[in-house]
Amino acid sequence: MKKELGIFVLLVVLCALGWALSPEHSFLSQANVYNLLYQVGMFGIFSLGMGLVIITGGIDLSVGSVMALQGVVLGMMLNDKGWPWPIAVALSILLCIALGAFNGFLITRVKMQPFIVTLCGLLFYRGVARFVSNDETKGFGEATGFLGVANFFKGKFLGVPTAFWLLIIVAALMWVLLHRSIFGRYLYAAGRNEDAARYSGIGTRGIISSAYIVLGFLTAISGILFAFYTNSVSPSGHANSYELYGVAAAVLGGCSLRGGEGSVLGIIFGAFLLQILQNLVNLLGIPSSLNFAVMGAVILLGVLADQLIKNRTPRVKAAA
Amino acid sequence: MANTLLRVENIGKRFGGVIALKGVSFAIGEAEIVALIGENGAGKSTLMKTLGGVHQPDTGQIYVDEKPVKITNARDAMANGIAFIHQELNVLDNLDVGANIYLGREPKTLGIINSSEIYRQAQVYLDRLGLKVNARTQLAELSIAEQQMVEIAKALSQNARVIIMDEPTSSLTLKETERLLSVCKELRGEGVSIIYISHRLSEIIEIADRVVALRDGANAGDLTREQITHDAMVNLMVGRELARFKLPHHTAILDRFVTVKNLRTQRYPDQTVSFDIGRGEILGFAGLVGAGRSEVAQALFGVEPGLEGAMEIGGSESFLAHTAAQAIAHGVFLVPEDRRKTGLLLDWSIRDNISLPALRRDANKGFVNRTREKQIADEQKISLQIKAPNVEARAGNLSGGNQQKVVLAKWLSLNPRMMIFDEPTRGIDVGAKAEIYRLMRELADRGVAVMMISSDMEEVLGVSDRIAVMCEGSLTGFLTRAEATEQRVMNLAVARAHEAVA
Ligand SMILES: Nc1ncnc2c1ncn2[C@@H]1O[C@H](COP(=O)(O)OP(=O)(O)OP(=O)(O)O)[C@@H](O)[C@H]1O
Ligand SMILES: [Mg+2]
């Protein structure tokens, strides 16, 4: 809980700064907040999946490339082939789940390292996406009844973007899964000390694999949102390096790359923090070329502050 | 005590709300072996860690040669002539034996590590300990006991004036223990002093010149050479008379409740192992370090699946577990020997550790049953007398013996048909040991087949109803309680290793 508190304070400070410094307080304008929630929704959903994988002590670098592949394939099914949208959307989700399962298989059965497996995925799926599409940008739109779905995903409910509602639903499910179910407990155990978990009768391979599968599914959901948001998918640029946003959100939110640590609330806060930063860079007229530099610096500071707080705790207690 | 070599005065240390030491004083002279005793959590390791530079005392002063010193890290300790063999292994298993022994002190020629010199010198110390291991072997290939011996070799190589040994024999078998004790005596002859911590009181009777007892973080009294007896030591540690444990034994029940047939393990693929355990029987497994006993246990429990073989319990279909979950489903449980690697999640609370194997059973539609979880942990904490403020305490902060109790507690709330204990009392004090033996007997009386691997001869002879002896991966014989003597067990334990007898 203490961990989330730290980043929450940081969030509040950033919001206050944003409000105070943005021209005409536009940071809190309705349009800006709406846009912010939209972005947080899209990025937050797969970040939760990334968090799950990081808790197992792994990582998935292939997320962005998988989204590109999914977007391209979705465009081809809808536009070029003219398949009905429910089938196309379902197939694109299945594709992502299958790729997640494949990662899980290589990592737990073949015992390859997550970083290497998914680094190869990052290169491979991007290449496949460009190849199957002839490197052409794929748009949507001609499919029958398609406009309705697109509008649903791009739409809003009670003034809040659908993407953010979806994030809330996913987060609630994930919270229960991670913090209340035995699956969650097994996941933390497998991430912290796989041997001890195995010796306690936990099927660690299945548990770890399922984290990659869940990430695959959430990647698919985010991927659909992104695809409709941009309305077209350029195979080489779509969702480029989005996996790093996921990793950053998870790490900012208190996940440790050593595994066994992290919380749903923290990851959500992490996702918020990243998007607010980007938003502020725009609003405050900071040259957008500095975008990444600002993000990198803030992540470093955030993790550093966390470390300092953690190391301090025992000494504070001892003095008490 | 001719010349006081090392002295500490009024050392106090607290961790958060836990007061580990409340003003302890202690001294050791030249060429003296002082045994430090006390129950689990009494503060023995903590006191030694202030000497080894691991912890800084909150109060008190350390003197070397009657001069006040400050020891803030392991390097300081070494500079003051103190070598420290920690209770928990402290080795790098990605390096070889020689590199571990000379870590941080590598002999160099022209600034480059002189490997051949490392291996040559390391081998001298290994041989001195009677360890049949080449200095070039990767540490990961050694058993825990062998790794422990490497740690001892490392301390020897530092040419220290005082060597602190925190439960050095807890994972050693009789043979190695004897070897170590005679090395200790040799060292004393050469003027080296030793602070010796152990829960095996017979060792202390054999080598200690003096005994210092701690109780609840304070001095509880000393014993001179003439006063050292088993009962006197127990008295000091516990603060009251403690009846010596006397276990009711059963004559071996040969109903073949559990049968294991032709088991081949990954470590000894050329050997097969077959045995049976009766319902309510405690079958002890004796043998030297590396005899393959743990491998049999791990194969039966499915964590290092056997290559071949089968087991049956109570006339069930025969099976060979390939995962721990399968073994557990058949009612086979293992209390592993390495509590830090495979027994516990050190960063987790006592409660979360204890409840882990029972989560699924107690779950409510896949949800963790948090009330039940806490209830079980509280029960086990009381019945095993786990010394901690509450069950939320981090398992890694417990004293070694209390960690072991948590590992035991994990399985006791479940319903075993066969229980495998791999070194169940490693590092456990006399009182708690008796408690664990009683527990094993109780399990057996409930109809559970108990397999107990132990390197403690007293334990093997005292607790088992029947003894199986292993040597180099194969079973060399069985002894009933009536037949079993230390000598017979030892003969079988080296039956195949003729060269080892010399
Ligand atoms: N790092 C730590 N943080 C919190 N408590 C600690 C820490 N180290 C030790 N303690 C506590 O200090 C007390 C003394 O522990 P210590 O390890 O010195 O016992 P011990 O006498 O060596 O016991 P054992 O025979 O079981 O090894 C215990 O209650 C233990 O839980
Ligand atoms: Mg200790």
Side-chain angles (χ1 to χ4, degrees), chain A residues 1-3 55-57 108-109 111 172-210 214 254-263 310-320, chain B residues 13-19 56 58 297-298 301-304 321-329 332-348 352-370 373 394-397 407 410-411 414 422:
Chain A
M1 213 57 225
K2 203 179 295 150
K3 269 195 143 161
I55 288 173
T56 69
T108 61
R109 299 282 158 176
K111 305 225 174 302
L173 291 175
M174 287 284 282
W175 187 85
V176 171
L177 189 73
L178 258 186
H179 302 307
R180 284 294 174 269
S181 79
I182 53 175
F183 172 83
R185 191 68 74 78
Y186 286 178
L187 199 76
Y188 283 107
R192 178 54 90 188
N193 180 344
E194 194 181 341
D195 278 334
R198 215 156 47 87
Y199 272 71
S200 298
I202 296 171
T204 49
R205 288 187 294 201
I207 296 282
I208 292 175
S209 294
S210 50
V214 172
C255 292
S256 156
L257 288 178
R258 261 174 291 123
E261 258 174 71
S263 74
K310 228 181 6 193
N311 289 347
R312 265 266 292 289
T313 324
R315 254 180 275 154
V316 172
K317 258 198 207 152
Chain B
K13 177 77 191 170
R14 62 187 293 167
F15 298 100
V18 179
I19 303 179
Q56 297 310 304
D58 299 334
Q298 286 157 4
F301 188 55
V303 280
E304 299 294 337
H322 284 282
T323 64
Q326 284 171 13
I328 291 171
V332 179
F333 299 162
L334 168 70
V335 176
E337 65 175 330
D338 188 340
R339 57 182 171 243
R340 296 175 77 82
K341 282 216 182 87
T342 52
L344 291 175
L345 285 139
L346 293 172
D347 293 316
W348 281 22
D352 290 347
N353 268 293
I354 292 181
S355 66
L356 193 55
L359 275 185
R360 191 184 294 278
R361 183 199 63 185
D362 293 335
N364 184 357
K365 300 196 181 73
F367 288 97
V368 176
N369 184 338
R370 309 222 284 182
E373 185 173 36
R394 182 178 173 271
N397 286 351
V407 182
K410 284 171 69 172
W411 299 111
L414 295 171
D422 197 350

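In what follows, chains carry the letters A, B, and so on, assigned in the order in which the sequence lines appear, proteins first and then strands, with residues in each chain numbered from 1. Since we're looking at a predicted model, the values are computed, not measured.
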Checklist entry - Just wondering, are more than 12 heavy atoms of other shown residues or ligands nearer than 6.0 Å to CZ in Arg361(B)? => result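 More than 12 heavy atoms, drawn from other residues, nucleotides or ligands, come within 6.0 Å of this atom.
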Checklist entry - If only atom types and distance count, is the side chain of Asn193(A) paired as donor or acceptor with the main-chain N or O of Lys341(B) below 3.5 Å? => result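 Side chain of Asn193(A) to backbone of Lys341(B): a pair is present.
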Item to check | Short side-chain to backbone donor-acceptor contact, Arg360(B) and Ile182(A), under 3.5 Å | outcome: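 Checked: no pair found.
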Say you draw a straight line from [atom1] of [X] to [atom2] of [Y]; how long is it, rounded to the nearest 0.5 Å?
X: Leu345(B); Y: Arg192(A); atom1: CG; atom2: CZ; value: 8.5 Å
X: Glu261(A); Y: Asp347(B); atom1: CD; atom2: CG; value: 7.5 Å
X: Ile354(B); Y: Ser200(A); atom1: CD1; atom2: OG; value: 11.5 Å

Next on the checklist: Only pairs of heavy atoms separated by less than 4.5 Å count here; which of Asp338(B), Leu344(B), Leu334(B) has the most with chain A?
Outcome noted: Leu344(B)
Checklist outcome for this item: Okay, Tyr188(A) and chain B: the region with an atom under 4.5 Å from a heavy atom over there is both
Next on the checklist: Between Leu177(A) and chain B, with a heavy-atom cut-off of 4.5 Å, which part of the residue counts as in contact: side chain, backbone, both or neither?
Outcome noted: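 Answer is neither: Leu177(A) stays 4.5 Å or more from chain B.
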Is [X] close to chain A through its backbone or its side chain, or both, or neither, when contacts mean heavy atoms under 4.5 Å?
X: Gln298(B); value: side chain
X: Arg340(B); value: backbone
X: Asn364(B); value: neither

Checklist entry - When only pairs under 4.5 Å are counted, which of Arg185(A), Glu194(A), His179(A) shares the most heavy-atom pairs with chain B? => result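 Sorted descending by pairs with chain B, the first entry is Arg185(A).
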Checklist outcome for this item: Residues Gly201(A) and Ala324(B): closest non-hydrogen pair is CA-CB, 3.8 Å
Item to check | Contact summary for Val176(A) and Phe367(B), nearest pair of heavy atoms | outcome: CG1-CE2, 3.2 Å
